[in-house]
Amino acid sequence: MDPPPPSPFPDLNLNLDIVPFVKLEPKEEPLEDLPIATASTAADAAECLLSPEEHTPLQKLSPSEDALFAEYLRLTRLFLSSIESGASGGAIVPADGSSAAPASSAIVATKKRKARSSEMVRVSSLGVRDQIHFRDLVRHTRITFESLRFLLLRNDGFSEVFGRRTRPDLKAAALMTDKNLWLNRDKRIIGPIPGVCIGDVFFFRMELCVLGLHGQVQAGIDYVPSTRSPSGEPVATSIIVSGGYEDDDDGGEELIYTGHGGRDRNNFRHSVHQKLEGGNLALEKSRLYGIEIRVIRGIKSDRSPTNKVYVYDGLYKVVDSWFDTGKSGFGVFKYRLVRIEGQEEMGTGILKLAGELKVNPLIARPRGYLSLDISMKKEKFPVMLFNDMDDERDPVYFEYLARPLYPPSVFEDKSLLAGGNGCDCVTNCSTDCLCARLNGGELPYDSNGLLSRGKPLIYECGTGCRCPPSCPNRVSQKGLKHQLEIFRSKETGWGIRSLDMIRAGSFVCEYTGIVLTKEQTELLAMSGAGLVWPNRFPARWMEWGDISDVFPGFMQPSYPALPELNFSIDVSRTRNVASYLSHSSTPNVFLQCVLFDHYNTSYPHLMIFAMENIPPLRELSIDYGIGEEWVAKLTV
DNA sequence: GAGAACTCAACACA
DNA sequence: CTGTGTTGAGTTCT
């Protein structure tokens, strides 16, 4: 047997090199210390919340946008002799229709497959650089799987090839097998899978197979069979606890697991005695040698396409096993598993806490909430402010801005709007409407409002369109879909996280602030104000929907074209939740440019979308494009 | 190579 | 029209 690993649990989790982007200081000295929340009961906690008056920003913005920009223009005039206010870049050209969908002839599956290897390994003590590498690899693989699934689910061309009643998840996995894109097939990993964090969430059994987290399509116990184990004895590697067996008993840190077998097909009840073979024997051997087992729990979730979510809960050890008579009267094998100490908090525990926080935050966490909505009802969901570390509270000192403030000139050039109006669809838009054509002949979102794939620019139906607000091509313009929370953390200063699970491809929030023209930017950059430059964000949208690993001919969309962005956003005076996003080079959200209210391509809305399934209470992070030397400096 | 395996999504129905 | 139950096609692994 392998010796126990020196350090099976990496210290870092979540986003691996997460660092703060900019430390945004309030304009003036903070108000004298308000009581920091130290309550132990919900009633006390309510006392610690800041009153509406205390939310009042130190620097109130003038109520009128015009007045605000008059101020900026006045400043600008002092320095510049002439002002070119945001002239447009490029008119809208009609769709060329040449979308990069792969030819159906390319998807002839070959039947040659590489079997799983029998080499057993443990991966321990990865360096930070390796962790980043594997996290990236896992994310890339998941995006490929999910993007393929998307295509197979909705694209008619694919349906014709595969028949109507296909299983997109299985097909996606099969296509990836052919290209040898499954992870960890060349070895059988005992213990943690590099790049998979405790608390990660998955929606498909097949996804677990593709990542090597659990290799069985249906069976709950995955193991290295005796014929392939060096010692000649089977060894269990992972189990899925989904409450499928009537004799299961799951208490979280400790659980009673029922062996597999003994049931009729598609029948809940046991009908024959279980045998000590296969996974059952493997669990027994794992107990004997004290080998750790990955535990994945399947629980209900209405944010999942299958109403079910698989959560990786970390490593457990089998401490006890016995043969018992089950509730049906037939013999079953029972295993008591106990969670190994020193690991990150259980993913299912976090899911439960997040659910309680949504219902009553002050009871679930009596200490630390400063505000239950810093947006003061400007957002569809309250944006809570949480700090249980120190007495910082700057987010309440800024006027909350749910929408970006554009210079009036952005709206001036009406000719930019193709045809003068939007689409004429009376009901929901389809692929032949004007707005779909603007997007290259396809609607950018699916029926659940998930972004199909990243593009340089996306045209949502807007003010000039006749379609109803329920049109599937109106997504990011409708505002938040998840309950977000700004929180204080040791690593990143302020950060944001969600109380809801965020599905990959979901809209998260917009990046707002005062939008400055190129000239205004040059002027204000000198003053060191908190400016955000959209053109510095790396084009991470390219990763979302990328299936070039499977279809080498797949081209990144280059349409609709986006000109170079010369504007900046001033977040030093007013801002929204997005300005608290942390930086990471293994981010979980990305920037996607969107147009809907004006069609000035030089000033798109900066929309944030999720690029992986983000569990509740995990910090959101984006790639701001700051160089490695910056990262090094900030992490010191 | 057969058969087991704690699925998934379309369809039907309330 | 939304939720829930039923059914059969569809994989990998041993």
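Chain identifiers are assigned alphabetically (A, B, ...) following the order of the sequence lines, protein sequences preceding nucleic acid strands; residue numbering begins at 1 within each chain.
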Distance in angstrom units between [X] [atom1] and [N] [atom2], rounded:
| X | N | atom1 | atom2 | answer |
| --- | --- | --- | --- | --- |
| A:L152 | B:dC8 | CG | P | 16 Å |
| A:R205 | B:dA4 | CZ | C1' | 13 Å |
| A:K308 | C:dT4 | NZ | P | 15 Å |
| A:I299 | B:dC6 | CD1 | C1' | 15 Å |
| A:F333 | B:dC6 | CZ | C1' | 18 Å |
| A:F203 | B:dC6 | CZ | C1' | 19 Å |
| A:E207 | C:dT12 | CD | P | 16 Å |
| A:F204 | C:dT11 | CZ | P | 15 Å |

Scan [X] against the nucleic acid and name what it touches under 4.0 Å (heavy atoms): base, sugar-phosphate only, or nothing.
| X | result |
| --- | --- |
| A:D248 | base |
| A:T227 | nothing |
| A:G298 | nothing |
| A:Y223 | sugar-phosphate |
| A:P305 | nothing |

Any donor-acceptor pair under 3.5 Å linking the side chain of [X] with the backbone of [Y]?
| X | Y | result |
| --- | --- | --- |
| A:E253 | A:R339 | no |
| A:T586 | A:R135 | no |
| A:E207 | A:F145 | no |

Compute both the distance and the angle, then confirm whether A:R287 meets the cation-pi test with A:Y335: under 6.0 Å from the six-membered ring centre, within 45 degrees of the axis. no
Going by the rule salt bridge (charged side-chain N to carboxylate O under 4.0 Å, His left out), which residues pair with A:D546 if we only count those two or more places apart in sequence or in a different chain? none
Between [X] and [Y] (salt bridge meaning N to carboxylate O under 4.0 Å), is one present in this structure?
| X | Y | answer |
| --- | --- | --- |
| A:E485 | A:R497 | yes |
| A:D200 | A:R139 | no |
| A:K358 | A:D500 | yes |

Which nucleotide in the set [options] lies at the smallest distance from any side-chain heavy atom of [X]?
| X | options | answer |
| --- | --- | --- |
| A:M206 | B:dA5, C:dT11, B:dC8 | C:dT11 |
| A:W182 | B:dA9, C:dC13, B:dC6 | C:dC13 |
| A:K171 | B:dC6, C:dG10, C:dT14 | C:dG10 |

Can a side chain N or O of [X] be found less than 4.0 Å away from OP1 or OP2 on [N]?
| X | N | result |
| --- | --- | --- |
| A:T177 | C:dT12 | yes |
| A:R149 | B:dA9 | yes |
| A:R188 | C:dC13 | no |
| A:R185 | C:dC13 | yes |

By a strict heavy-atom criterion of less than 4.0 Å, which residues belonging to residues 210-217 of chain A are in contact with DNA chain B? none
Where each pair must be Watson-Crick or G-U wobble with both distances under 3.5 Å, what dot-bracket representation of DNA chain C is obtained, with crossing pairs in [ ] and other-strand partners as |? .||||||||.||||
Below 30° counts as parallel, above 60° as perpendicular, anything between as tilted: where do the rings of A:F150 and A:W544 land? perpendicular
Pairwise 5' ranking along DNA chain B for A:V241 and A:P168, keeping only the more 5' one: A:V241
Note: for A:D222 and A:L170 on DNA chain C, the residue whose nearest nucleotide lies more 5' is A:L170
Closest-nucleotide ordering on DNA chain C, the 5'-leading residue of A:G278 and A:N307: A:N307
More than 12 non-hydrogen atoms from neighbouring residues, nucleotides or ligands closer than 6.0 Å to NZ on A:K380, yes or no? yes
Any donor-acceptor pair, under 3.5 Å, between the side chain of A:R167 and the base of B:dT7, if you only look at N and O atoms? yes
Just so I know, are the side chains of A:L620 and A:I608 near enough to count as touching, which here means a heavy-atom distance under 4.5 Å? no
